[in-house]
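To start, the structure under review is shown below, and the notes come after it.
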Protein chains: 2
Amino acid sequence: MMLTKLLTILCGFGQKLVMSTQPADDRSRAPTAAEIADWIRERIRRGRFVPGQRLVEIDIIRGTGGSRSKVRDALQRLEGEGLVTIEEFCGASVRTASLEEVRQIYRARAALEGISAADFARHASAGDRLRLRELHGGLESCVSGNAPERFGRLNGEWHGLIVSGSGNVVIGDVLQRLNVPIHRLLFESFYSAERLRTAIDDHRAIIEAIEAGDATLAEAAMRRHIEDGFETLSSIDHEVNG
Amino acid sequence: MMLTKLLTILCGFGQKLVMSTQPADDRSRAPTAAEIADWIRERIRRGRFVPGQRLVEIDIIRGTGGSRSKVRDALQRLEGEGLVTIEEFCGASVRTASLEEVRQIYRARAALEGISAADFARHASAGDRLRLRELHGGLESCVSGNAPERFGRLNGEWHGLIVSGSGNVVIGDVLQRLNVPIHRLLFESFYSAERLRTAIDDHRAIIEAIEAGDATLAEAAMRRHIEDGFETLSSIDHEVNG
DNA sequence: GCCGATGAGATTGTCGACAATTTGCAAAGG
DNA sequence: CCTTTGCAAATTGTCGACAATCTCATCGGC
């Protein structure tokens with residue numbers, strides 16, 4: 001009995017939530033493997049698939065209308081992204097990120113976004129610099145208007161702009177991949193108003209360093225900003241988990 | 001020359017090199033998708049499959065003894081790693097990294113290995129610190145003994161030790177993935193004896209910073225070391241292609 | 001001779017059927 | 001009541017066949 005329960009937790013963890021059984025997608029045409037992967041990714045992001053949950057192929061087939069091969073391809077692709085794990089005869093399940101792993105992801109983010117901020121300060125286009133200021137304005141209005149949902153989205157855009165404006169596509173890809181497992185944490189803004197104000201201050205300091213052309217300062221500020229973000233996250237986790 | 005490069009980028013370019021037609025692997029059991037992926041990866045690393053070359057499924061089936069589904073799975077996995085590109089009805093081909101992309105990869109490496117060096121200086125185990133010195137001794141003997149092949153391998157181990165000793169497996173994974181497309185460049189040591197001596201000097205400076213407990217200095221030195229490495233590579237490329 | 005149509009061969013994409021394995025249930029035994 | 005054992009259903013892994021598409025050599029018209 002205890003053994004079966006243990007095994008259940010190890011392999012499978014059968015959280016068989018009943019699915020909304022809309023038989024297929026709106027469009028009649030068969031979806032590609034990439035589209036199925038998007039469908040799953042989106043559901044994980046939205047919290048419809050929770051970490052540890054098992055992703056049964058037949059359910060995804062019913063949900064997307066794709067064939068089994070396509071669904072399997074999609075799951076394999078997602079495994080490559082580190083979003084799900086696939087075990088022999090156990091199928092795919094949403095991967096859970098430990099706090100330690102989140103810490104390591106944030107350290108990598110600090111390094112990569114830090115260097116991106118420096119490169120942005122050095123040779124970003126005038127258009128990107130302007131857009132950065134605009135986004136910052138939007139973020140400030142979110143804080144005063146208390147719109148945490150919009151804040152999460154704009155904040156993501158702001159960080160993305162720093163990277164894309166730095167002109168390094170490779171770093172952009174790596175960061176996007178790194179962010180996937182913690183996407184829910186990033187956007188499910190359970191941040192306090194105080195944290196939002198702190199973030200805004202950090203952003204302002206970074207922008208000022210960029211506009212002053214001080215790449216080193218921009219990098220240092222960005223790093224500190226991201227590491228502070230992890231501290232906040234970590235303290236929240238401690239409150240929640242004990 | 002330029003034309004072939006262009007054709008390589010376009011779809012196909014049937015570089016139908018005849019394969020060594022050993023019918024299957026030594027062991028009789030069927031290889032898994034992961035093993036097939038390793039087989040392909042290894043051949044790309046060794047230069048047996050050159051960038052732009054088309055990877056025909058049937059050839060890989062003959063070479064590995066795996067079934068078509070497994071081979072296709074393996075290719076898809078490799079696409080996820082960024083090693084090959086798959087186009088509709090064009091199949092898989094070894095992805096070519098442009099000089100600009102290599103530059104971006106080196107920039108990312110500089111950021112990640114830099115922060116790893118800092119973390120190594122802060123809290124690496126005594127065993128890892130000792131091993132770092134040992135590897136450095138091996139590298140020095142390579143330079144004096146003129147053994148570029150062994151130098152490439154040991155150099156890889158040295159850099160890997162910095163990362164693993166820093167205690168961040170996420171960064172380790174990212175770096176491993178980043179290095180795959182440029183693996184041939186890293187290990188096909190066409191480096192001059194002078195470059196090797198410069199690298200050794202860099203390494204010594206990094207080790208000294210680490211032993212002095214100066215994380216900031218270690219990071220800066222590591223960054224400069226990697227960016228110098230790219231400069232060397234870039235100048236070689238100009239000699240060859242320009 | 002040059003150029004486009006055309007058809008065969010080669011290569012890849014898709015799918016469903018079958019085999020291997022696990023899971024959940026239910027009955028037998030203590 | 002608890003544990004164990006066996007079986008049926010569910011789920012996943014594997015494979016080969018067929019369809020769709022591309023490549024390239026050939027042929028006929030101009």
Side-chain angles (χ1 to χ4, degrees), chain A residues 1-19 21 24-25 28-37 40 49 52-79 84-94, chain B residues 7-19 21 24-25 28-37 40 49 52-79 84-94:
Chain A
M1 175 52 189
M2 205 51 212
L3 183 63
T4 59
K5 198 159 201 173
L6 189 62
L7 285 177
T8 300
I9 291 173
L10 287 178
C11 176
F13 192 52
Q15 299 190 21
K16 308 221 172 178
L17 321 184
V18 182
M19 293 221 162
T21 326
D25 208 61
S28 56
R29 113 191 134 67
T32 67
E35 286 169 338
I36 297 175
I40 300 172
F49 291 151
Q53 178 173 354
R54 192 163 157 191
L55 302 175
V56 180
E57 294 175 359
I58 192 72
D59 292 333
I60 300 174
I61 291 173
R62 292 213 187 92
T64 62
S67 69
R68 205 156 90 88
S69 344
K70 299 267 190 68
V71 170
R72 287 178 68 79
D73 282 357
L75 286 172
Q76 212 155 46
R77 197 172 299 198
L78 291 175
E79 189 196 22
V84 310
T85 54
I86 299 180
E87 291 166 291
E88 285 274 313
F89 295 104
C90 249
S93 49
V94 183
Chain B
L7 284 176
T8 299
I9 293 171
L10 294 176
C11 172
F13 189 48
Q15 299 192 22
K16 309 218 174 180
L17 320 184
V18 182
M19 293 220 162
T21 326
D25 208 58
S28 56
R29 113 191 135 68
T32 67
E35 288 168 338
I36 297 176
I40 300 173
F49 291 152
Q53 179 173 354
R54 194 164 156 189
L55 301 176
V56 180
E57 294 176 358
I58 191 72
D59 293 333
I60 301 174
I61 291 173
R62 293 213 186 92
T64 62
S67 69
R68 205 156 90 89
S69 348
K70 299 268 190 70
V71 170
R72 286 177 67 80
D73 282 357
L75 286 172
Q76 212 156 44
R77 198 172 299 200
L78 291 175
E79 189 197 21
V84 309
T85 54
I86 298 180
E87 291 166 290
E88 285 273 313
F89 296 105
C90 248
S93 50
V94 182

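Below, chain A is the first sequence line, B the second, and so on; all start at residue 1.
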Within the 4.0 Å limit for protein heavy atoms, which parts of nucleotides 13-21 of chain C are touched? Write it as a string from 5' to 3', B for base, S for sugar-phosphate only, - for none. BBB-B--BS
With sequence neighbours left out, what residues match B:E79 under salt bridge (charged side-chain N to carboxylate O under 4.0 Å, His left out)? none
Take atom CG of A:L55 and atom P of D:dA10, then tell me their distance rounded to the nearest Å. 20 Å
Measure the angle between the two terminal helix axes of the helix from C:dG1-D:dC30 to C:dG30-D:dC1, five base pairs each, and quote it to 10°. 10°
Does any pair with a residue in residues 63-78 of chain A pass salt bridge (Lys or Arg N to Asp or Glu O under 4.0 Å), and if so which ones, sequence neighbours excluded? A:E57-A:R68, A:E57-A:R72
Heavy-atom closest pair, residues B:A37 and B:A74: N-CB, 3.7 Å
Which residues share a side chain to side chain contact (heavy atoms under 4.5 Å, CB included) with A:A92, sequence neighbours left out: A:L55, A:L75, A:V84, A:I86
For A:S69, which residues count as a side chain to side chain contact (heavy atoms under 4.5 Å, CB included) partner, sequence neighbours excluded? A:S67
Separation between CG (A:L78) and OG1 (A:T85), nearest 0.5 Å, reads 11.5 Å
Which atom of A:F49 lies closest to which atom of A:V94, heavy atoms considered: CB-CG2, 4.0 Å
Does A:L75 reach a base, just sugar-phosphate, or nothing at all? Heavy atoms under 4.0 Å. nothing
Looking only at non-hydrogen atoms, find the nearest pair between B:V71 and B:G66 and report the distance. CG2-O, 4.4 Å
